[in-house]
There are 2 protein chains.
Amino acid sequence: MKKIIFVFSALSICILALFQISKYSFISSYTSIEFIIALVAVIFLFIGLYLNRKNKNVKKLQSEEIDWKTVKKLGISNREYEVLVEISKGYSNKEIGEHLFVSESTIKTHVSNLLVKLEAKRRTEALRRAKELHIIVG
Amino acid sequence: MKKIIFVFSALSICILALFQISKYSFISSYTSIEFIIALVAVIFLFIGLYLNRKNKNVKKLQSEEIDWKTVKKLGISNREYEVLVEISKGYSNKEIGEHLFVSESTIKTHVSNLLVKLEAKRRTEALRRAKELHIIVG
DNA sequence: CTCAATTTGGTACTTTAGTATGACCCTAAG
DNA sequence: CTTAGGGTCATACTAAAGTACCAAATTGAG
């Protein structure tokens, strides 16, 4: 919202400035008015492009951001979340154990807890749930 | 590319039209020039916004579009692809069999073939590969 | 310190997943 | 007609995943 206010203020200033320029050019010559209008058109075209580019980036980030609030709400611990990420990378329990330097048994415990917390029967279902809840990246 | 040519043509026509308008308003009064400039600014601002919105939609679709060429290149058949999609939804072989009205054995065969074609050891790894290759939606 | 939650790990078990192999039917291409 | 590829299914097997239960060390908040 702050961004919008700032942008509108900037635009207002720009318009006023252009009015001042137009007054001078009005007196000076005929062709320069056309030039000013073309300039205004181009400038505001690029302003429009710039504004929407900002918007796009924000939206893209939103869809790829992780909803940590949901992670906490589900009671998923740090270690459990690490395991979840490893699962999403397609690793087996054994491989995950090697990556995190713990035994396969430990991973199995974490996975079991994750399945309960994500209300899933299988790790693939857990993956889908996690994606729906935006707690892992697509 | 056709779109870009069309848009540039339209913009050229708009600019020429505005030049004509500006000539008349130049003669008529003083305040109308400022109005025309403001109008041009607003119009081109919205044109800029519209153009980028189009762009955004295209980009979004690209990232969510399925690369059927890769599917064919990997030799994945229709039925196998259906199974792949079901896997991505987190279903078990048994459930997939029920959804596609075939036995679990058939699904196992399809999954095995998929794992070979996707160079994966597990269904979760196959999922990751499929996402990387853009042959399923994230 | 005490308590609760986290993290770790084990055993024993059941279930699901995946492999290997063979077989049958169907269809489209040669 | 023959052949290749796709789809179906089964059996027997191994591997991985998941459950249930227990237990110990660690850590952080009150």
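Letters A, B, ... mirror the listed sequences (proteins, then strands); counts begin at 1. Worth knowing before you read on, the calculation uses all heavy atoms, side chains too, and leaves out hydrogens, waters and symmetry mates.
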**Asked** Do B:E82 and B:I96 come close enough that some side-chain heavy atom pair is under 4.5 Å?
**Response** no
Short side-chain to backbone donor-acceptor contact, [X] and [Y], under 3.5 Å:
X      : Y      : value
B:E125 : B:K121 : yes
A:K117 : A:G75  : yes
A:Y81  : A:I135 : yes

**Prompt:** What residues in residues 97-130 of chain B put a non-hydrogen atom under 4.0 Å from any atom of DNA chain C?
**Reply:** B:K108, B:V111, B:S112, B:L115, B:R122, B:R123
Atom [atom1] of [X] to atom [atom2] of [N]: distance rounded to whole Å?
X     : N      : atom1 : atom2 : value
B:Y91 : C:dT16 : OH    : C1'   : 17 Å
A:L84 : C:dT6  : CG    : C1'   : 17 Å
B:I87 : C:dT16 : CD1   : P     : 16 Å
B:E80 : D:dG5  : CD    : P     : 13 Å
A:I96 : C:dT8  : CD1   : P     : 13 Å
B:E95 : C:dT15 : CD    : C1'   : 13 Å
B:K94 : C:dG18 : NZ    : C1'   : 17 Å
B:E82 : D:dG7  : CD    : P     : 8 Å

**Message:** Taking the basic N atoms (NZ, or NE/NH1/NH2) and the acidic carboxylate oxygens, is any pair closer than 4.0 Å for A:E86 and A:R123?
**Reply:** no
**Request:** Look at the side-chain N and O atoms of B:N93 and state whether any lies under 4.0 Å from the OP1 or OP2 oxygen of C:dA17.
**Result:** yes
**Message:** Does A:S103 form a side chain to side chain donor-acceptor pair (under 3.5 Å) with A:T106? I'd like the steps, not just the answer.
**Reply:** CA-CA 5 Å; A:S103 78; A:T106 307; 3.1 Å; yes
